[in-house]
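These notes concern the structure reproduced below.
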Amino acid sequence: QVQLVESGGGLVQAGGSLRLSCVASGRTFSIAAMDWFRQAPGKEREFVAAINWSGGSRYYADSVKGRFTISRDNAKNTVYLQMNSLKPEDTAVYYCAATRVTTYNRWYSRSSYDYWGQGTQVTVSS
């Protein structure tokens, strides 16, 4: 089993920045990729950013390209999401998810993921 714990959320004004972290523990050797999703009130969970554990290929939702950066620290079993130029529409609960298999476009299906964190709230005020 793998446990994922997110942190770094909070309240920030529009135009500000936050950095989220997601730490994996347990059978971390089985992780092939860790990605970020978010869910705003009344909306479905949506993909934000993805990174492969080896090679480091990165992918982003169009809505965050140029503003968000996903990175990883394999030694710390941690994935980060640096969020800059935040907008009120970025307000959501942010979740990290881990998968044991890297497939391109895995983020189109939640069933692609084996583990989910509990989420961290990000609120952007206008």
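Throughout, residue positions are numbered sequentially from 1 according to the sequence presented.
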**Prompt:** In chain order, what residues pass the side-chain contact (heavy atoms from CB on, under 4.5 Å) check against E44, with sequence neighbours excluded?
**Reply:** none

**Prompt:** Is it the case that one hydrophobic cluster holds both L20 and F37, taking links as side-chain heavy atoms less than 4.5 Å apart, direct or via other members?
**Reply:** no

**Crowding at CZ, R67 (>12 non-hydrogen neighbours, <6.0 Å)** = yes

**Asked** Hey, quick one: are Y108 and Y95 part of the same hydrophobic cluster, counting side-chain heavy atoms closer than 4.5 Å, chains of contacts allowed?
**Response** yes

**Item:** Spacing of W53 atom CH2 and I51 atom CD1 [to the nearest 0.5 Å]
**Value:** 7.5 Å

**Complete:** Value for CG (D62) from CZ (F47), rounded to nearest 0.5 Å, stands at 10.0 Å

**Prompt:** How many angstroms lie between atom CH2 of W36 and atom SG of C22, to the nearest 0.5 angstrom?
**Reply:** 5.0 Å

**Message:** Count I, L, V, M, F, W, Y as connected when their side-chain heavy atoms are under 4.5 Å apart, and connections chain through other members. Are I31 and W107 then in the same cluster?
**Reply:** no

**Request:** Using side-chain contact (heavy atoms from CB on, under 4.5 Å) as the criterion, list what pairs up with A33, not counting sequence neighbours.
**Result:** D35, N52, T99, T102, R106

**From S85 atom OG to F68 atom CZ, the distance as rounded to the nearest 0.5 Å** = 9.0 Å

**Item:** Side-chain donor/acceptor of E6 to backbone N/O of Q118, under 3.5 Å
**Value:** yes

**Complete:** Heavy-atom closest pair (A14 atom, S126 atom, distance to 0.1 Å) is CB-CA, 4.4 Å

**Item:** Partner residues of E89 under the side-chain contact (heavy atoms from CB on, under 4.5 Å) criterion, sequence neighbours left out
**Value:** K87

**Fill in**
Taken in chain and number order and not counting sequence neighbours, the residues that satisfy salt bridge (charged side-chain N to carboxylate O under 4.0 Å, His left out) with R19 are none

**Message:** Please enumerate all residues that pass side-chain contact (heavy atoms from CB on, under 4.5 Å) together with S63, with sequence neighbours excluded.
**Reply:** R38, A61

**Item:** T91 side chain vs V124 backbone, donor-acceptor pair below 3.5 Å
**Value:** yes

**Distance (rounded to the nearest 0.5 Å) between N105 CG and Y59 OH** = 8.5 Å

**Message:** Membership question, hydrophobic clusters at under 4.5 Å side-chain separation (ILVMFWY): are V2 and Y80 in the same one?
**Reply:** no

**Request:** Output the distance between atom OG1 (T120) and atom CG (L81), rounded to the nearest 0.5 Å.
**Result:** 11.0 Å

**Message:** Among residues at least two apart in sequence or on other chains, which ones pass side-chain hydrogen bond (donor to acceptor under 3.5 Å, both in side chains) with R110?
**Reply:** none

